[in-house]
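Below you'll find the structure, written out as structure tokens, and then a few comments.
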Amino acid sequence: MSLDETVSSPAKAGAQTIARDHSGPGSAAGNEVRNDWTREEIAALFDLPFDDLVFQAATIHRANHTPGQVQLSTLLSIKTGGCPEDCGYCNQSAGAKSGLKAEKLLDVRTVLQSAAQAKDRGSSRFCMGAAWRNPKDRDMPAIIEMVQGVRQMGMETCMTLGMLTEKQSQMLAEAGLDYYNHNIDTSPEHYEKVITTRTFGDRLETLENVRNSRINVCSGGIIGMGETREDRVGFVHALATLPRHPESVPVNALVPVKGTVLGDMLADTPLAKIDDIEFVRTIAVARITMPASMVRLSAGRESMSESTQALCFLAGANSIFTGDKLLTTGNAGDDADETLFAKLGLVPMEAEPREIQLEAAE
Ligand code: SAM
Ligand code: DTB
Ligand code: SF4
């Protein structure tokens, strides 16, 4: 077994380091991180009897993370709507007829006020999203001030601004950005059915720029876009075979918005709502294949039952977005989440030190 990198898991209060082993195929021993998953292996995990799959995922989760702790993250849309991209799921695309009003980039003070409120409500992570194909260089000074300001409050910072150049990535790293969110969204094969204004390869290029600037990578996708099981296998496979796993993997259930391509196309069809069991299976397979990563139960919780969410936590999800709004659509809300946490005996994860220690690997 060759230990070629050591990563202090954001999930473990700096208390546990996870030994990453790239020595080849192996058992699901718990803390072994593999990047050589085959599609067949991932498909076989999806095919397991549900109980066996969730049991395996829960075991791996407990070997790598503190059970019962769930990180609370807050989202803020810092630049809403009018996006030139044509993502079929998104109401912020200029082409969507969802009635969403396009807005300018928020000023730094407004963003920092929101972050302070999020912290008061118990969030340890603040994620800022912009409806851009990519940030313009003239936007960078304000973006950098936002990162620095939120970091000074002691919260983990995350941004999602679209595609980044190497230079922009480097600037964000120097500002102290902890995570960059850039989703691959679905399988390489399904991608062009959902988005035509950029390619899957473009997405990977930005992820590489982010990785090279030593910002933690946050990348996941959306379940329930009319994709097949094979696409879900391909989606997890694409993430789990990256040279390093994303430290953070958001799994969204499609929020179908009227006026978006997918919202309209799927409305009133059996595909309009992803099967809950299939959603939990996807979380479980993400947990098993990427044991050290934070798996984030992201969009779609507003219409998800308590029991489905409970199964997601059991299967390894350890982060949620709180509040009654995601970026532009509704979310479960603090009252519902407090009730759920009390019923399940879950506690919010505390803010973590988050340096990636890559020395051994470099
Ligand atoms: N424009 C940037 C980008 O696309 O990378 C950042 C913002 S974008 C809204 C962030 C992510 O939100 C998307 O990659 C997508 O996975 C998710 N998302 C957007 N609309 C969604 C919806 N209706 N339901 C579920 N997830 C959604
Ligand atoms: C992610 O994967 N999910 C979050 C976060 N990354 C930025 C965003 C979900 C957005 C849902 C649609 C909306 O509210 O606009
Ligand atoms: Fe733009 Fe991002 Fe929405 Fe796509 S997902 S339309 S890139 S805001």
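First listed ligand is number 1; within each ligand, the first listed atom is number 1. This one's a predicted model, so the numbers in the text were calculated from it and none came from an experiment.
Judged purely by atom type and a 3.5 angstrom limit, T186 has no side-chain atom pairing as donor or acceptor with the backbone of Y191.
Close approach of ligand 2 to T328 (heavy-atom distance below 4.0 Å) involves ligand atoms 13 (C), 14 (O), 15 (O). Counting the atoms of ligand 2 from 1 in the order shown, those under 4.0 Å from a heavy atom of P250 are 2 (O). Atoms of ligand 2 found under 4.0 Å from any heavy atom of T329 (numbered from 1 in listed order, with element): 12 (C), 13 (C), 14 (O), 15 (O). The contact set between ligand 1 and I222, taken as ligand atoms under 4.0 Å from a residue heavy atom, comprises 15 (C), 16 (O), 18 (N), 25 (C), 26 (N), 27 (C). Contact atoms of ligand 1 toward A130: 1 (N), 2 (C), 6 (C), 7 (C) (distance under 4.0 Å to a heavy atom of the residue). Residue W132 approaches ligand 1 through these ligand atoms, each under 4.0 Å from one of its heavy atoms: 1 (N). For ligand 2, the atoms closer than 4.0 angstrom to any heavy atom of N252 are 1 (C), 2 (O), 3 (N), 9 (C).
Two residues are said to be in side-chain contact when any heavy atoms from C-beta on lie closer than 4.5 Å; L76 and L106 meet this criterion.
If you run side chain to side chain donor-acceptor pair (under 3.5 Å) between E227 and each of H190, K193, R232, only R232 comes through.
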Apply side-chain hydrogen bond (donor to acceptor under 3.5 Å, both in side chains) to D337 and T322, showing your working. CA-CA 8 Å; D337 286 340; T322 55; 5.9 Å; no

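Figure legend: R39 and W37 shown without cation-pi pairing, the cationic atom not lying both under 6.0 angstrom from the six-membered ring centre and within 45 degrees of its axis. R287 forms no cation-pi arrangement with F55, by the criterion of a distance under 6.0 Å to the ring centre and an angle within 45° of the ring axis.
The side chain of D185, and not its backbone, has at least one atom closer than 4.0 Å to an atom of ligand 1 (non-hydrogen atoms only; side chain from C-beta on). Only side-chain heavy atoms of T160 come within less than 4.0 Å of ligand 2; its backbone N, CA, C and O stay farther off. Only the side chain of N183 comes within 4.0 Å of ligand 2, judged by heavy-atom distances. Within the 4.0 Å heavy-atom criterion, neither part of H182 lies near ligand 3.
Taking a 6.0 Å sphere around CG of D335, one finds it holds 12 or fewer heavy atoms contributed by other residues, nucleotides or ligands. Heavy atoms from other residues, nucleotides or ligands lying under 6.0 Å from CG of N212 number more than 12.
Taking only nitrogen or oxygen atoms, main chain and side chain alike, N183 reaches within less than 3.5 Å of ligand 1. On a distance-only criterion, R198 and ligand 1 share no N/O pair closer than 3.5 Å. Note: no N/O pair closer than 3.5 Å links Q92 and ligand 2 by distance alone.
Around atom 4 (Fe) of ligand 3, protein N, O or S atoms at less than 2.8 Å comprise C87 SG.
At a 4.0 Å cut-off, not a single heavy atom of V255 sits close enough to ligand 2 to count as contact. Using a 4.0 Å heavy-atom cutoff, G263 is absent from the residues neighbouring ligand 1.
Nearest protein heavy-atom neighbour of atom 9 (C) of ligand 1: L327 CD1, 3.6 Å.
Of the candidates T160, V251, V255, L326, it is T160 that places a heavy atom closest to atom 6 (C) of ligand 1. For atom 3 (C) of ligand 1, the nearest non-hydrogen atom from the set K79, R203, E85, M225 belongs to R203.
Within a 4.0 Å radius of atom 14 (O) of ligand 1, the protein contributes one or more non-hydrogen atoms.
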